[in-house]
Amino acid sequence: MLKEIRIHGRGGQGAVTAAQLLAHAAFLEGKCVQAFPYFGAERRGAPVKAFTRISDEPIRIHSQIINPDYIVVLSPELMQIVNLTEGLKKEGLALINTTKKPEEVNLNGWRVATVDATGIALELGLLVAGFPVVNTSILGAFAKATNEVKLESVLKAIKTTWSGSAGEKNAKAAELAYERLIKGW
Amino acid sequence: MVQTVIDTANHIAAYAAKAARVQVVAAYPITPQTSIVERIAEMVESGEMKAEYIRVESEHSAMAACIGAAAGGVRTFTATSSHGLALMHEALHWASGSRLPIIMPVVNRALGPGWNIWADLTDSLSQRDTGWIQFYCADNQEVFDTIIQAYKLCENERVLLPAMICSEAFILSHTYMPVEIPDQERIDEFLPSYKPKWFLDVNNPFSHGNIVPPEWYMEFRYMIHEAMENAKQLIPEIDKEYGKYFGFEHGGLVEKYRCEDADLILLTMGTLGSEAKTAVDNLRKEGLKIGTARVRVFRPFPKEEIRKLAENTQMFTIINRAISFGMEGFLTEETKAALYNQKDRPLIAGFIAGLGGRDVSFKTIEKIAKKSAEWMQKGEVEKEIVWVDLKE
């Protein structure tokens with residue numbers, strides 16, 4: 001079964017890293033994986049997209065993801081400027097970093113889950129160049145919202161990518177996001 | 001121990017250079033350079049990779065430095081892309097003419113203007129006649145494996161030519177996928193250290209690449225052509241041997257998929273060949289007898305394999321992510337040339353798709369195949385070149 005995930009963020013927020021970590025986590029569970037950025041020149045602050053494919057079979061396709069099963073939104077205000085649900089499958093799901101509850105996010109019928117990843121980053125002092133880091137913690141929330149990967153795999157992927165206290169802090173954030181996820185269904 | 005690494009094709013190419021125990025890397029580090037040499041620079045700096053890293057002021061100089069290093073008898077590597085490759089053009093002839101087994105990954109990016117950094121094979125295909133062997137890869141594993149295979153091939157005394165290992169910008173270069181990196185000892189066994197037939201030696205001076213008069217120039221050109229023919233024979237053998245060692249084979253010269261009983265065969269290069277497999281599976285379910293063949297090696301051109309494929313099929317549909325202005329797609333051109341003297345040639349339709357990184361999905365390929373199947377029914381190709389999804 002092929003699952004396709006599209007991650008929306010702003011340049012510098014680590015959407016590409018999130019896509020790669022998610023692939024890595026699924027790979028640790030024996031899945032075939034692929035992660036790639038939207039093929040563009042990324043600029044800090046500009047809306048960016050990154051993609052992950054997770055499959056039981058070897059992945060042969062390299063084209064862009066048009067009909068994702070899941071969307072992950074790192075910056076809630078992107079909803080005003082980007083059509084985030086474009087192509088999202090009817091039975092798909094949107095995971096959004098926001099302080100709002102799912103019922104306060106109107107997505108015309110799609111399932112919504114929310115988590116305050118920014119709040120978690122501020123709480124843990126998880127900042128890079130003054131910006132709260134949300135790309136790692138949101139994956140903890142993704143594990144809970146979708147069951148496509150286990151939280152342990154996400155934590156392992158994070159700790160493999162960053163050793164020492166950086167890895168610990170990011171992993172802690174992912175755990176908190178897992179706990180604090182609010183499902184709207 | 002076999003190690004599985006998840007990374008981009010660019011970084012994987014760097015790891016292949018390390019695994020091949022490359023001794024000299026010369027590169028121009030600024031755009032359009034890729035993260036291949038960036039990763040190598042990091043590994044050399046940290047001592048993880050033992051190589052001489054020469055930073056030069058242009059791609060032309062990079063190739064000149066590689067020529068010097070390879071003529072000095074050491075295993076040599078560089079990487080480039082688009083305009084960087086174009087700037088190297090003159091030196092490319094010197095590398096092949098000097099019979100130096102330099103290996104160079106090329107990340108296929110469109111040439112400007114209009115300024116575009118996305119996938120397009122025209123950069124390397126327009127270097128077709130430089131005497132370089134050209135491989136085109138369809139995934140990250142193939143990038144790794146082909147770099148190792150290419151050193152073994154190119155250092156063979158029956159070949160002694162340089163090779164480009166091409167992969168499409170972003171589609172592979174920035175795409176993160178798992179790759180198995182074999183045990184270093186086994187790689188060393190498969191690819192022993194380079195023992196050059198000759199090298200420039202200060203203790204035993206001689207000149208190389210001197211003037212060659214009309215009485216002899218043709219003979220040297222003939223030997224390059226002969227080396228290409230030898231490469232054509234060796235590539236499938238080396239691919240098979242690699243498969244025995246490490247478990248990965250990539251189809252030798254042409255990777256075929258469900259072609260045995262196919263009436264219609266899609267000919268492709270690069271990742272379109274991988275994407276096309278999904279299109280073939282879907283169309284087979286609809287009853288179309290279709291297969292796909294990915295031309296993995298463009299120089300030497302696998303004429304014989306193309307002719308063999310043509311024997312039992314009604315039609316070739318050729319999808320090109322490149323254009324030779326004023327004619328057609330390079331692969332269409334070469335395929336037609338390879339078949340001209342054959343009896344009962346199949347119909348040939350040429351499509352241009354995905355230039356400058358435009359997305360070509362399996363659905364696009366299915367659409368191309370369906371149009372071709374219509375023409376196959378009629379027994380006539382209605383349009384010589386079709387530009388897919390062109391805004392008119």
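Here is the naming used below: chain letters follow the sequence lines, and residue numbers restart at 1 for every chain.
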Query raised in the report: Counting only heavy atoms not in A/Phe131, do more than 12 sit closer than 6.0 Å to its CZ atom?
Result: no
Query raised in the report: chain A heavy atoms under 4.5 Å from B/Asp281: which part of the residue, side chain, backbone, both or neither?
Result: side chain
Report task. Return yes when atom NZ of A/Lys183 has more than 12 non-hydrogen atoms of other residues, nucleotides or ligands closer than 6.0 Å, and no otherwise. Result -> yes
Query raised in the report: Can you tell me how far the OH atom of B/Tyr176 sits from the CG atom of A/Leu21, to the nearest 0.5 Å?
Result: 6.5 Å
Report task. Using a cut-off of 6.0 Å, state whether more than 12 heavy atoms not belonging to A/Glu57 lie near its atom CD. Result -> no
**Report entry** B/Pro178 and A/Val33, any side-chain heavy atoms less than 4.5 Å apart
**Finding:** yes
Report summary line: Taken to the nearest 0.5 Å, the spacing of A/Ile66 CD1 from B/Ser361 OG works out to 7.0 Å
Requested in this report: Could you tell me which portion of B/Ala138 (side chain, backbone, both or neither) has an atom closer than 4.5 angstrom to a non-hydrogen atom of chain A?
Outcome: backbone
Report task. Give, for atom OG of A/Ser63 and atom CD1 of B/Ile365, the distance between the pair rounded to the nearest 0.5 Å. Result -> 8.0 Å
Query - Residues, nucleotides or ligands: over 12 heavy atoms within 6.0 Å of B/Glu45 CD - result: no
Requested in this report: Mark yes or no for whether B/Ser274, through its side chain, and A/Arg60, through its backbone, hold a donor-acceptor pair below 3.5 Å.
Outcome: yes
Query - Structural part of B/Leu172 lying under 4.5 Å from a heavy atom of chain A - result: side chain
Query raised in the report: Under 6.0 Å from the NZ atom of B/Lys256, do we count more than 12 heavy atoms belonging to anything else shown?
Result: yes
Report task. Take atom NZ of B/Lys240 as the centre, draw a 6.0 Å sphere, and report whether it contains more than 12 heavy atoms from other residues, nucleotides or ligands. Result -> no
Query raised in the report: Have B/Thr175 and A/Gln34 got a donor and an acceptor in their side chains that come within less than 3.5 Å?
Result: no
Query raised in the report: What distance do B/Met177 atom CE and A/His62 atom NE2 have between them, rounded to the nearest 0.5 Å?
Result: 5.5 Å
Query raised in the report: If you count the non-hydrogen atoms of other residues, nucleotides and ligands that lie under 6.0 Å from NZ in B/Lys363, is the total more than 12?
Result: no
Requested in this report: Measure from the side-chain N and O atoms of B/Asp359 to the backbone N and O of A/Gln64, and report whether any donor-acceptor pair falls under 3.5 Å.
Outcome: yes
**Report entry** Rounded distance [0.5 Å steps], CD1 in A/Ile61 versus CD1 in B/Ile171
**Finding:** 12.5 Å
